[in-house]
Structures are given as C-alpha cells and as structure tokens.
Asks: 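Here it is, the structure, as structure tokens.
Order of the sequence lines sets the chain letters (A, B, ...), proteins ahead of strands, with each chain counted from 1.
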Amino acid sequence: MIHSLFLINCSGDIFLEKHWKSVVSQSVCDYFFEAQEKAADVENVPPVISTPHHYLISIYRDKLFFVSVIQTEVPPLFVIEFLHRVADTFQDYFGECSEAAIKDNVVIVYELLEEMLDNGFPLATESNILKELIKPPTILRSVVNSITGSSNVGDTLPTGQLSNIPWRRAGVKYTNNEAYFDVIEEIDAIIDKSGSTVFAEIQGVIDACIKLSGMPDLSLSFMNPRLLDDVSFHPCIRFKRWESERVLSFIPPDGNFRLISYRVSSQNLVAIPVYVKHSISFKENSSCGRFDITIGPKQNMGKTIEGITVTVHMPKVVLNMNLTPTQGSYTFDPVTKVLTWDVGKITPQKLPSLKGLVNLQSGAPKPEENPSLNIQFKIQQLAISGLKVNRLDMYGEKYKPFKGVKYVTKAGKFQVRT
Amino acid sequence: MSAAPAYSEDKGGSAGPGEPEYGHDPASGGIFSSDYKRHDDLKEMLDTNKDSLKLEAMKRIVAMIARGKNASDLFPAVVKNVACKNIEVKKLVYVYLVRYAEEQQDLALLSISTFQRGLKDPNQLIRASALRVLSSIRVPIIVPIMMLAIKEAASDMSPYVRKTAAHAIPKLYSLDSDQKDQLIEVIEKLLADKTTLVAGSVVMAFEEVCPERIDLIHKNYRKLCNLLIDVEEWGQVVIISMLTRYARTQFLSPTQNESLLEENAEKAFYGSEEDEAKGAGSEDAAASALPARKPYVMDPDHRLLLRNTKPLLQSRSAAVVMAVAQLYFHLAPKAEVGVIAKALVRLLRSHSEVQYVVLQNVATMSIKRRGMFEPYLKSFYIRSTDPTQIKILKLEVLTNLANETNIPTVLREFQTYIRSMDKDFVAATIQAIGRCATNIGRVRDTCLNGLVQLLSNRDELVVAESVVVIKKLLQMQPAQHGEIIKHLAKLTDNIQVPMARASILWLIGEYCEHVPRIAPDVLRKMAKSFTAEEDIVKLQVINLAAKLYLTNSKQTKLLTQYVLSLAKYDQNYDIRDRARFTRQLIVPSEQGGALSRHAKKLFLAPKPAPVLESSFKDRDHFQLGSLSHLLNAKATGYQELPDWPEEAPDPSVRNVEVPEWTKCSNREKRKEKEKPFYSDSEGESGPTESADSEPESESESDSKSSSESGSGDSSSESENEDQDEDEEKVRGSESEQSEEDVEKRKTKKKKVPEGKGEASSSDEGSDSSSSSSESEMTSESEEEQLEPASWRRKTPPSLCLIIVLSTPTVTPPSVQPVSPPAIVSTSLAADLEGLTLTDSTLVPSLLSPVSGVGRQELLHRVAGEGLAVDYTFSRQPFSGDPHMVSVHIHFSNSSDTPIKGLHLGTSKLPAGISIQEFPEIESLEPGESATAVMGINFCDSTQAANFQLCTQTRQFYVSIQPPVGELMAPVFMSENEFKKEQGKLMGMNEITEKLMLPDTCRSDHIVVQKVTTTANLGRVPCGTSDEYRFAGRTLTSGSLVLLTLDARPAGAAQLTVNSEKMVIGTMLVKDVIQALIQ
C-alpha cells in the first residue's frame, strides 16, 4: 500500500525518507515540487498527484509536507488518515511535530515508522502500544541512557498488541488516580453583512486525560444526551450501550485522547455570543479608505467573553493601515496583508473598537470586495449548547479516582462578511 | 538531488545535537575521503564488544539512511551484529538489513539462519518479528524459505504470528508471483481464521494477491461481517471495500425494480424544467412506496452486511466512514442511503486533505442522490479562508444541490462569492451560475441578467468567464437576446482574454442575422488586429468571416478575402489549413466544387445547445472512495466494481455447515497444545469463542429478518444489538480478566475475603460489573471447555490428609437421594427469585428435583491418609447467599486416629469466585463420617474452585468443578411466559442441536428425569406431548436458561437452549445430549 514516505520542509528540502518496500528515488518528489509551484499557496497543493509510475498522496501539517508514494489503488483517505496519525504520533512523542524535533530524534522516528507500517500496511498505530514498544524521549531518560547505555526500545514485549483492547497498555499504575474531561465546543458561523446569521452550528469534542491504575471501566452519562446529534467515537466506546442507553461506557486508553466528537442537532438555534459593527469603505480615485469595527457581547449567558482576536485579510491594494484601538493592540503585515487585532476581554461598559485610515496603492482601482472578518473568542465554564455531564462512574477498580469536568466554548470557523 | 548540494547541506546542518554526522574531521577534504574515514570509524565501532558503541554506530547509520544517503558499504560490518543481544541494536540492524539486503544479496544470506532460528522461538513476539524481517528481505533466492516459513506461521497457535504471516504473503508475492497458487492456499486457510487480529491483514493479502478469487470469501462472508466491528480501523477499511465488491457479484440490486421509474424521473428532471421539483419529490415517494409492492426480497446476507457496517459510520477514522459510505451508496436500497450524509458532512470539519477527498465523493453522490445532502446545504457554504481547491469543490456540490426551492438562497450565496478576492474561485462561481441557469429554467433570465451585469466588472477574468458562460446560455434562446449580443460585440474593443474574444466572435457569427449591422463592423476591426490575435481568436475570425460571407457577401466579400489571405501566411499550420479549407468551401471556384453548394448547410447548421454538466457526472462507475475515482482514471490494481447480476447466485454457498462442536473441540485441542508455551497469553483469542457460535445462529435471525424485511426489521435489529452488546462486553473486559490472572499468578495466594469483596462489588450490580463477570466466565470456560465433558472421570488430586467432622447439626444429614424437602426448598428458591407459580398443583409432578449427579470424590482415602472426602451438589438454595451453589461435603475417617480441626484453608480462586466456608469440624473419630455444607459462588462459570482442606497437621489441595447444570436454579413459568422469554433470546443466544434419542429413553418420564439430572432446571407445563420445556436461572447473574426438547417420531429430536450466557448454553446442550444419548 504505502510504498515510501518523504518528509519535506517549507523550503523544499527532503529531510527524511523511509521506504517500506524497495527504494523509490527522491526524484519522484519533483512532481510534488512542480505541483507545489503551480499552486500559489501551500494549502492548495492537491493532496493526490498522479505521476507516470506512482501516485503521491500528501498532507500538510505544521509547516511540513508528508508525502507518501503509492503504487497501486488504495483509498486515498486511508493514506491521508494514516499520515495524520503519524504526525499525531510525533506530536505526542516529541511535544511538537517540527523539522527540528524530527531531526533531533531521527532514530526514534525511524523506529516508530518501522513499527507503524509493515510492507506498507498499518501495523501498530495506537499510541499506547507504540509507547510500550518505544519509549518517548524525556530529558531524564536521555541522561540516564547516555550514562548507562540503555535504550529507548522497550525491553518488555508489547503485550498490548495481543490484547483485545489494544488501545490500553497493561499494568498502569498511578499514585494519584485522576480522570479529567474537557468539553470543548466550537461555534462555526457565517454572519452576513447585515448581521444576520447565514449559517451556525456547534461542533464539540470531549477530550479526556485519564490517569487511572489498572483496568478501570468508566461510564459517563449526560444530563441531556439528546442534544448530541451526530457523534463519532474513540474505538474504546461500546457503541451498543450508547445506542440503547445514551451512556458512554468504555475502558479508557491511558493518557490523553479524544473521547468523542459531536455535532449539536441543527434544530437548536445557536446562540451567537458576539456581534460586530463594521464600516469599511474605500474611496473611488483616492488612495485611502476608512476602517471602523466595534465588537460587542450578545447572548453570552452571563459569562465574560475573553481572548478575542480579529483577523482580516485585506485586499492586495492595501499598502498600510493607520488605526487606533480603544482596547488591545493591532498589527498589520504589509506583505501578507493580514490585520490582526488582539482585543482581549469585552467589558460591556466600553465596547472595544478599532478605527482609522487605510492607505491604498495609488492609481490602483478600488477593491471590489470588503474583506471578511475572522473572529476568535473563548468563554470559560460554559458549553454553549447546554450540554452537561451528569456523572462518571467507575467499575472494575476499587480506589476512588479524582474526577473533573471543564467546559469551554470557543469560536470555530467564525466569519463575518462585510 | 545531486551529490553536491546534499553534501553542502550536511556540512551546514551538522550542528544539532541529534545530528548523526560523525566527526568534524579537519582532514576531510572531499566527500569521498570523509565518507571513507567516517565509515571506517563506524566499522570499528561495530566490531567492538561494547553494546553502547555498537548502538551509537547503528544510530548514526540509521540517521544516514533516513536522510537518503548511501551506507551500503557498511553491510558486512552491520550484518555481523544481527544476532546481537541488545534489543535496540538488533532492531536497528533489522532496519538496515531490510533497506540494503536487495543490493547485497549474497551477504544478506548470512543473516537468514538467525531468523530461521527466531521462527522456532517459544515466544510468539519473537517468532512474529523474525518472520516479519525475513519476509521483508527482498532476495529471490530465499523464496522457498519464506514460503515454508509463511506456511508454518499460518498455522501457528498465536494469532499475532498468523497476522504476521498474512502480512508476509503480499511481500512474497511481489518478490515471486509464481508462488501465487501456494499463497492462495495459505490465504484460504487464514481467511478461515476467526480472530479479529488476523481478519484485516488476510483480507489485505487477498486483495493484493488474488482479488479475483471471490469464491474464497463465500464461506467466510458471515464471519467477516460479524467480526467487522472489532477489527482495527485499517482492517475495517480493507474488508469493507472488498465486501462491497463481493456483494455486487452475489446479491441482486436492491433498486432493480426502481430503476425504470428512476429513469423517468431523471428524464423529467433534465428535459422539462418546470416539473423538476415534482420529479424529485415523486422519486422519493416512489422509493418509499416501492418496497411494499415489489417482489424483491433482500438476501439476508446482504442485509447482514448493511446492518453490521452501519455503526461504523460513527468511527473516528475518516477512512472507515468513507468506506461505509461508499458501501451504502453502492449497495443499499435507495431509501436507506440517506444515513451516510450526516457522517460525511461531519468529516468536513476535519483536515483539509480529508475535506478534499470527501467533497470529491460528495460531489459524485450528490448528482445521483441529490435529496440526500439537501438538508445539509448550508454545511457546504464557503468561507473566505477555505483553500481554493476546497472552495471549488464546495461550489460543485452547491450547484448539484440547487433546485427550484433552494435556488434563491443558493444564488444569494453565489452573489457573495462573486465579489471574492480569489479570482479562480470567482470564475468557478460564474460557471456554477451558468449551470444553475441551464438546469433550472425559472431562474435562467435572472442568472443571465446577473451575468450581463458582470460584463461591466473591472476584472477582466470575471468578464471573460461571464462571456463564455453567457455564450452557452444564449445558445438556448438566441432570438430573445439580440441586445445582449450587441452588448457583447461592443466588448471586443476592451476585452483581451482570448477565450472570451473567441466566444464573442463565435456568437456574432452564429447569430449574425440578429445583428446584421454590427457583425460586418466587428469583422472589420478584427481583420485589422488579426495578426496580433491569439490562435483561438484567429480561428474564430476565419469562422466569422466565412459565415458573414455566406449571409452577407455584398458587404464582407473583400474583408473575408483579406482575412483569408492573412491566414494563409500565418505561422500556425492549423490556421493555414483552416484558411485553405474555408476558401475552397465558400469561394465559388471555376470547377464549381460540389461542396461549396452546401457551404451554408455546413457553416450555418442549427447547433444543439451545449449541456452544462458537472465534471463529476458518471464518475460513480468507479468505486467511490477509491484512488481511481479521485483521479477519474483507472489506477494500477483497481478492481472494477462489477454490475449487479441478473440472477442471484446460489446463496447457500455461504452456509457454513461444519458442526459447531467439532470446530470447538478442534480448537480446544489446539489450545491445549498451546498451553505449555503460553502461560501469559490467554487474553489473545478472546472474542473467538463468541464468533464461533455466530455464523449458525446469525443465519437464523437473518432468515427471520428477511421474512420481515418488507415491514422493516426493527425486531431483528434489536436482537442483533443485544448480541453485539454481549460481544462487545466480552471484548471490553477480556483483558481485565487476563490481567487479573497475571496478578493472581504473581501473588499466588489470594485470600477468600478478597474474592468475596469482588463478588459483592459485582453484586452492587450495575450493568458493567455484571458484564465483566460474564466475560470472565466466557474466557475462563473457554480454556476449560473440554473438561466438563470428562470431569466425571477425573480422579481427585493426589494429596492426602485426615479430617474430622463434628458439626452435623448445621446441615441436613447425608443428602444422597434428595427428595421432598428439596422440592420445598427449590420452590422457595424460585419464590425468592420473585416469580409466581402458575399452577401450584402441577408443581410436584413437573418439577422433579433430582439431585444432579451422584457423589463425586474430592479426596481419596489413600491420598488423604485415611480421610476420604466426597461431595454432592444438593440443589438446595444456600442459606447464606442466593448466588451460591450449595455443596454438601461428606467426610469419613477410615484411619485409626481421630482427625482434628478440619477446616478450610486458603484458596486460590479465579476472579469472581468466592467460597462460604463451613464451620470447623473439631474432631472426626475413626470410622465416623460427617457432612458439612459449603457455598460456592461460581460466577456462572465452570471454573474449578481450588481450595485447601486443612487439618491440624496437614493440608490438602482439592478442587471442585461444577458441571454446568449445577450453576442454575429452576424457575417456574407458564407456557406463555416461556414463549415470550424465548422470543427475547433468539439469534446468537439460541443454540440448537439435532440428536437421535436411543430407544431406552423415549418415554416422558425418562427424558424428563435425564434432563433434570443433568441440569437443575424446572419443567414448564406444555401443551403438546412431544415437546419438553425446562426453565432456570443462572445463580450468579440470574440470566434465564430455557431448554426445549422437541421429540419427533422415530427418535429424532431437536434440542434448543436459549440463554444470554452463550457459553453456558453451548455447554448445557452438550451435557444434555450426552445424558440423553447414553
């Protein structure tokens, strides 16, 4: 299936290659570079490229391209999903998925890739199994290793691979047993010029951080499970139990993982927590324009809205911007034409606004379109859909774990058209 | 990449701590010398005895490989270390070996013997890894060795090794395709494997080696469907895509009767625009109405596949969701395909690459099944931050989804897009508007007006694209749009984009009679600028000239000749050719060519309006989700999705007729063989057992569901859910069990109270704790399954001591043949269970409370140094705890000294099992005997309870293993209740066996007696004479056990057991049959 993998950085250097079948020359990447040149933007490089003898399937993650070489028919999503899993694994092991981290840990990377695929077919991709096979590097361990000459390769045999719950490693022990759940909801919305909502939807995830000894069997129930319209599960969740009782019952993997992601049913009206007043205009036949935006709270359930950032991709003809914020600070990058305004918190007494002049390239025609505003914000202690965790029960182990649930609402792809 | 930049990059990049480059050798003048130096050093390091140096060297070598540099000259030095003790060195050597073996075949052979040794290792993981590396070495000479190793590994007891064997098959096949036939044999064997671990890998091998051998799948089809949910995600994708193909060859099209209707609807849609919406509506209505009246009945296996894949739509893996979506799209009846839309829309939140692939597939689907995605229209709205390729795909989907009702919203949305800064996207939007206009008649004029407005846009690209689209729209009704054509003609002065100019010229030429005064003028201008035009424009100028010459030769004759002369000397041969051809055709020559008379017909024939179609139309002949579909071209190794067969092939090929018991016992034997090696790997084949009994019982529920399929099979669905849940529970807590086992082994002395604590915790009894106990039972009993059959013959453990009994008062005396009191107590037990007696007068006769099996020996007189201990299952409820089986222990002292202080010592109990001790017997005089009662909670499993019998001086290790029939207590119920309960326990929970009753046991009395002797069940009154029904509940979990014996004439009989506890059910069937036959 997957023949080879090349890791390429933004400047086009191939800094790692791995082959699972016979070696494919680096020159195959030339087709990729060609496509990359054609697509003005990194995001627009087609994920699947056909070359005379191979197919290249690539993903772009954290400023790196993961380019895999395929020779025969395979579902493209299979490869894409796998490549993302590789990137996730690096992230998990090294804390970041960057060129430097990969170069620093090249041997571990190689060992990981060796275990993850056999002859191009995925073998062990669960983080818990991999960690049993190859221990992640820590500062302490690398010091110890250099003194004692011991290795990162686990010397115990990975029994997890043989078990029926491959996502959990055996023999987990903690002195403090804790289970934390983060309910994170994101509002995706498109607000049109006049301020009415074109499209809004709530997407949520529950991320778990479970540090429990032994083989705990957890069940998590909600006050209002009917809210969840479309759910996707981590493989550990017993699907039938959810179907019949709307209870999440599972033996968790050890450590951090995403338990479920869900969409809140579209019948519910989505509360939009902020509004934006905007007036952006460019004058005909003059080299300047006016820019004025104000943000205010709306339906915020009595919570403060914080971490507000507004990002605007200005038209190409904009040379510079001369603005005054009443709150926070702004930056304008004249090369990428991106305006970023870091607002911070909203205090209802004094609404934050950003006003000023826009300098345009002289002689150029005035831009047709007003740029759209992308807004980020965060509301702590609130799940905007109203979802509430009812209780968490643990079976199979005798100790009392410490349990915690946190709610956060964020802006997802929140766009205001102007 | 050339060598020079690679080198310079090395030099520059060697600062990082993990940088593999060895040494900043000042002497290294050039690449070669430094390479040699470096490698010499590495060789030295590899030759030392120190593992740390070797490791260091290997790490550097691997880093070199990772950067794509050649390290092949180190091969001899590295290969020497293949047998190194250090596991990390070994692993890195493997990495190196697999990379370079192909280039250094002779040397690679040196390492083979190490792997051959590894293949024989008692540890399964080492065997697997040896096979993995051996098969990865691409050296043709070792093909026979690999073949042998694969064959051997395919019948290894460890599923993990078998999985590795499956992985090795395609490797060998790619090395030597002549081995195909032998490999197919191995694949066939592995396909029959019942573990989830193997399933995915072997199907992958099947797909790579012999995808055409669909016949190998028949026997495994149902098993694969049932295992699917437990297979890991990657395997799921491969299996689902293979099963899609399989289903296309084996089942009838679920839409076959609709297809006619569908075509009509389709026609209505494309042909007459006004009833378009109606068409879509009636289509849907037809789809839902059809199943009721058409004769088509879905094959139960087809249904099974659809049902078992549906939950996977909720997988976290996008690949799995896509695989299920394509399966539904290709296989499901129209009414059911809708379920996939929601899941696909969910994937749109994922990474942009995932979005890209999903949108491509949604685009194809939305052409065929528009209604499916309509509710999600807004999810395809475009944001300015989307990458262009995503925007264009979303636009495609939006266009496909547009219809009479939603077109206003869609157009409003398009209006926003047209003002985008991303010009490629704007161009695509204009195209999309054009398509909406052609498809939906009502908005054609609106769209056209909008597009004409765009002609005054400042951006030339936008204008050009609009022109092209307008041209196509105008072709539909040219007569009404003379004004637009005039407007366009004026644009020729300004617009520079060749495609747009060409379009305008073509339009003017085609409809020159609508603009008779402007056309010649345009030609005049074009003639002036002819030489400066692009090629496609020049061609259209010639075209325009020719048409004008034919219609208006008076005004344009000279112009035309001028243009043709210019074209004659053009640099482009196409243009020269065209000019020559046109001249011959239109200008009447001396010979008066036959063709020129028809010139008008040639040039001015009415042309059909172009159809603006999606580029995704007809892409669905590729299997969705495949690479070929994405590229719209056949990729290497793509397997065509076959058309539905006209006639369904014989469905019976999928029947698996191997009787269950032989299968199980085979496996059991294998297991037993396995045991000596694998003390720690019991967890390994957990779900196998449940899978074992599935195929048969599953088909039962299927046939049922098929009969109901017309009315929707909710009932069978729910059954299946139950089954699945059971399965899942088993899977879930399996390793819990194995871990406990390990722990137990470690400590070696688990105390009774501990065990009790566990039992009580499970008593607190939420669902999940009971599920854990259940699964314990499953896996345990799996190991022991052979034993219940032979337990009667078992000799007691040969340990010895003497015990004295002194508390006969506690219990009823000797309980050999249990009679009246037992009746009372059993009915009491039933009362405790909360069940009512239906007919109290019937009770005494129906309920024949026989004490199950006779006395069993616990400790032989000789082994016990004079103390003989027997036990019986009294079948009385144990007073202390209703979940316990009460066991009567009979002690007798045949020695000549009294035995003192007889009590229970520590016990080593499997998880969940607990014991209630009997009071200590202070002394047992010689010749005397005593009886004590103890309770054992077997946790509904037939695991032996091992414990110690202690006297003052000695300890004896003894064990009691219950026959399965003793793990339950009778229950009273009426015939109706029985039938109702039985109805709830169908499918996988039902086990049926056929048997011949011997002559000796054809009478009612004997049959009833035999059954009740074997199992502690209560008889249920029954209307017909030749049917016997018995009911009971397991002691620990209280699950119902229903037994039906249907005696037919001439001794044939059918035994059915319905129980949630499948293992108990199967064992019970076996025991009862044995009792009846003997």
Asks: If you tally heavy-atom pairs under 4.5 Å against chain A, which of B/G637, B/P387, B/A66, B/A319 wins?
Replies: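 Counting heavy-atom pairs under 4.5 Å, the top option is B/A66.
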Asks: Among side-chain atoms of B/E233 and B/S317, is any donor-acceptor pair under 3.5 angstrom?
Replies: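 Their side chains do not contain a donor-acceptor pair, so the 3.5 Å distance test is not met.
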Asks: Can you tell me which of A/P315, A/S50, A/G412 forms the most heavy-atom pairs within a distance under 4.5 Å of chain B?
Replies: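 Result: the option with the highest number of such pairs is A/P315.
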Asks: Heavy-atom pairs under 4.5 Å with chain B are the metric here; pick the option from A/N44, A/V107, A/N119, A/L16 that has the most.
Replies: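 The candidate making the most pairs under 4.5 Å is A/N44.
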Asks: Decide whether A/E73 and B/S628 meet the rule of one side-chain donor and one side-chain acceptor closer than 3.5 Å.
Replies: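 Yes, because at least one side-chain N or O of A/E73 sits under 3.5 Å from a partner of the opposite role on B/S628.
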Asks: Can you tell if the side chain of A/H234 reaches within under 4.5 Å of the side chain of A/W167, non-hydrogen atoms only?
Replies: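 SC-SC contact between A/H234 and A/W167 confirmed.
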Asks: Under a 4.5 Å cutoff for heavy-atom pairs, which residue among B/G200, B/S420, B/A323, B/P170 has the most contacts with chain A?
Replies: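 The candidate making the most pairs under 4.5 Å is B/S420.
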Asks: Drop me the distance from B/Q314's CD to A/S261's OG, to the nearest 0.5 angstrom.
Replies: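 B/Q314 CD to A/S261 OG: 10.0 Å, rounded to 0.5 Å.
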Asks: With rounding to the nearest 0.5 Å, note down the distance linking CD1 in B/I240 to CE in B/M322.
Replies: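 One finds 11.0 Å between CD1 of B/I240 and CE of B/M322.
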Asks: Given a strict heavy-atom distance threshold of 4.5 Å, which part of A/Y55 is in contact with chain B: side chain, backbone, both, or neither?
Replies: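 Contact with chain B involves the side chain of A/Y55 alone.
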Asks: Does any backbone or side-chain atom of A/F250 lie under 4.5 Å from a heavy atom of chain B? Answer side chain, backbone, both or neither.
Replies: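 Contact with chain B: none, neither part.
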Asks: Which bit of B/Q360 is near chain A, if near means a heavy-atom gap under 4.5 Å: side chain, backbone, both or neither?
Replies: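 Neither part, no heavy atoms under 4.5 Å.
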Asks: For A/S249 and A/R238, does a side-chain donor sit closer than 3.5 Å to a side-chain acceptor?
Replies: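 Yes, a side-chain donor-acceptor pair sits under 3.5 Å.
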Asks: Between B/R383 (side chain only) and A/F414 (backbone N and O only), is there a donor and an acceptor less than 3.5 Å apart?
Replies: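 Flag not set: sc B/R383 to bb A/F414 has no pair under 3.5 Å.
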Asks: With only heavy atoms counted, which part of A/M314 is less than 4.5 Å from chain B, the side chain, the backbone, both or neither?
Replies: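 For A/M314, the backbone is the part near chain B, not the side chain.
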Asks: Taking all heavy atoms of A/L117 and all of A/P122, pick out the closest pair and write down the distance.
Replies: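 What the structure gives for the nearest pair is CD2-N, 3.3 Å.
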Asks: By a 4.5 Å heavy-atom criterion (distance strictly below it), what part of B/R346 contacts chain A: side chain, backbone, both, or neither?
Replies: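 Both parts, heavy atoms under 4.5 Å.
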Asks: Can you see whether A/Y110 has A/K18 sitting over its ring - NZ or CZ less than 6.0 Å from the centre and within 45° of the normal?
Replies: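 Yes, A/K18 sits over the ring of A/Y110.
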Asks: Which region of B/V345, side chain (C-beta onward) or backbone (N, CA, C, O), has a non-hydrogen atom less than 4.5 Å from a non-hydrogen atom of chain A, or is it both or neither?
Replies: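 For B/V345, heavy atoms of backbone and side chain both lie under 4.5 Å from chain A.
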Asks: Where does B/M204 contact chain A at under 4.5 Å (heavy atoms): side chain, backbone, both or neither?
Replies: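 For B/M204, the side chain is the part near chain A, not the backbone.
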Asks: Quick check on the interface: out of B/V98, B/I418, B/T164, B/I65, who has the most heavy-atom pairs with chain A under 4.5 Å?
Replies: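 Among B/V98, B/I418, B/T164, B/I65, the one with the most close pairs to chain A is B/I65.
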Asks: Where does B/Y356 contact chain A at under 4.5 Å (heavy atoms): side chain, backbone, both or neither?
Replies: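 Looking at B/Y356, just its side chain touches chain A.
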Asks: By a 4.5 Å heavy-atom criterion (distance strictly below it), what part of A/A87 contacts chain B: side chain, backbone, both, or neither?
Replies: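 Contact with chain B: none, neither part.
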Asks: Among B/K378, B/K171, B/R349, single out the residue with the greatest number of heavy-atom pairs under 4.5 Å to chain A.
Replies: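 Most heavy-atom pairs under 4.5 Å with chain A: B/R349.
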Asks: To check you understand the geometry: which heavy-atom pair defines the closest contact between B/V357 and B/N361, and what is its length?
Replies: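 Heavy-atom minimum between the residues: O-ND2, 2.9 Å.
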Asks: At a heavy-atom distance under 4.5 Å, which candidate from B/V89, B/V358, B/V237 has the highest pair count against chain A?
Replies: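 With the most close heavy-atom pairs to chain A, the winner is B/V237.
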Asks: Is the shortest distance from a Lys or Arg side-chain nitrogen in B/D386 or A/K413 to a carboxylate oxygen in the other one below 4.0 Å?
Replies: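 Salt bridge between B/D386 and A/K413, a charged N being under 4.0 Å from a carboxylate O: no.
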Asks: Tell me which of these, A/Q415, A/E43, A/H19, has more heavy-atom pairs under 4.5 Å with chain B than the rest.
Replies: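 Sorted descending by pairs with chain B, the first entry is A/Q415.
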Asks: Determine whether A/P75 and A/E81 make a side-chain contact, defined as any pair of heavy atoms from C-beta on separated by less than 4.5 Å.
Replies: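 Side-chain contact under 4.5 Å: no.
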Asks: Go through the atoms of B/E56 and report whether side chain, backbone, both or neither lie under 4.5 Å from a heavy atom of chain A.
Replies: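 The answer is neither part of B/E56.
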Asks: Using every non-hydrogen atom in the two residues, find where A/R263 and A/E201 come nearest and quote the distance to one decimal.
Replies: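 Closest pair (atom of A/R263, atom of A/E201, distance): CD-OE2, 3.2 Å.
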Asks: Given heavy-atom pairs under 4.5 angstrom as the criterion, report whether the side chain, backbone, both or neither of B/T409 touches chain A.
Replies: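 No part of it gets close to chain A.
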Asks: Check each atom of B/L313 against the heavy atoms of chain A and say whether the ones under 4.5 Å are side chain, backbone, both or neither.
Replies: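 It is neither, since no heavy atom gets under 4.5 Å.
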Asks: Between A/R61, A/E126, A/Q203, which has the largest tally of heavy atom pairs under 4.5 Å with chain B?
Replies: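 Going by pairs under 4.5 Å, I would pick A/Q203.
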Asks: Counting C-beta onward and ignoring hydrogens, is there a side-chain heavy-atom pair between B/Q355 and B/Q389 closer than 4.5 Å?
Replies: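 Of all side-chain heavy-atom pairs linking B/Q389 with B/Q355, none is under 4.5 Å.
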Asks: Below 4.5 Å from any heavy atom of chain B, which atoms of A/F121 appear? Answer side chain, backbone, both or neither.
Replies: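 Both backbone and side chain.
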Asks: Answer with side chain, backbone, both or neither: which region of B/V321 has an atom nearer than 4.5 Å to a non-hydrogen atom of chain A?
Replies: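 Contact with chain A involves no heavy atom of B/V321 at all.
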Asks: Under a 4.5 Å heavy-atom cut-off, does chain B meet the side chain of A/I80, its backbone, both or neither?
Replies: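 The side chain, not the backbone.
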Asks: Name the region of B/S174, side chain, backbone, both or neither, that has any atom closer than 4.5 Å to a heavy atom of chain A.
Replies: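 Neither part.
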Asks: For A/H313 and B/M421, which heavy atoms make the closest approach, and how far apart are they?
Replies: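 Heavy atoms of A/H313 and B/M421 come nearest at O-CE, 3.4 Å.
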Asks: By a 4.5 Å heavy-atom criterion (distance strictly below it), what part of A/T125 contacts chain B: side chain, backbone, both, or neither?
Replies: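 Side chain only.
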Asks: Does B/R412 offer a backbone N or O that forms a donor-acceptor pair with the side chain of B/T416 under 3.5 Å?
Replies: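 Pair found, side chain donor or acceptor close to backbone of B/R412.
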Asks: Establish, from distance only, whether the side-chain atoms of A/S4 and A/E17 form a donor-acceptor pair under 3.5 Å.
Replies: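 No.
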Asks: Contact part of A/R85 toward chain B, heavy-atom cut-off under 4.5 Å: side chain, backbone, both or neither?
Replies: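 When you check distances to chain B, only side chain atoms of A/R85 fall under 4.5 Å.
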Asks: Let's test your reading of the structure: which of A/V231, A/I260, A/L113 forms the most heavy-atom pairs below 4.5 Å with chain B?
Replies: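 Counting heavy-atom pairs under 4.5 Å, the top option is A/V231.
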Asks: Do the charged groups of A/E115 and B/K91 touch, with an N to O distance under 4.0 Å?
Replies: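 Looking at A/E115 and B/K91, the cut-off is met.
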Asks: Indicate yes or no: at least one non-hydrogen side-chain atom of B/E207 is less than 4.5 angstrom from one of A/M1.
Replies: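 When only atoms from C-beta onward are counted, A/M1 and B/E207 do not touch, as no gap falls below 4.5 Å.
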Asks: What option among B/R138, B/E413, B/M58 has the most heavy-atom pairs under 4.5 Å with chain A?
Replies: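 Ranked by contacts with chain A, first place is B/R138.
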Asks: Quick one: what part of A/V109 sits under 4.5 Å from any heavy atom of chain B, side chain, backbone, both or neither?
Replies: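 For A/V109, there is no contact with chain B at all, as no heavy atom is under 4.5 Å.
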Asks: Check whether B/V354 gets within reach of chain A through its side chain, its backbone, both or neither, counting any heavy atom under 4.5 Å.
Replies: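 Backbone plus side chain of B/V354, per the 4.5 Å heavy-atom cut-off to chain A.
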Asks: On a heavy-atom basis, which atom in A/P76 and which in B/S626 lie closest, and how many Å separate them?
Replies: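 Reported closest heavy-atom pair: CD-C, 3.5 Å.
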Asks: Contact part of B/E353 toward chain A, heavy-atom cut-off under 4.5 Å: side chain, backbone, both or neither?
Replies: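 For B/E353, backbone and side chain are both near chain A.
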Asks: Which bit of B/I382 is near chain A, if near means a heavy-atom gap under 4.5 Å: side chain, backbone, both or neither?
Replies: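 B/I382 touches chain A through backbone heavy atoms alone.
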Asks: At a heavy-atom distance under 4.5 Å, which candidate from A/E186, A/R258, A/H84 has the highest pair count against chain B?
Replies: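 Option with the greatest count: A/H84.
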Asks: Side chain, backbone, both or neither: which part of A/D41 has a non-hydrogen atom closer than 4.5 Å to chain B?
Replies: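 Neither part.
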Asks: Between B/E103 and chain A, with a heavy-atom cut-off of 4.5 Å, which part of the residue counts as in contact: side chain, backbone, both or neither?
Replies: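 Neither part; nothing is under 4.5 Å.
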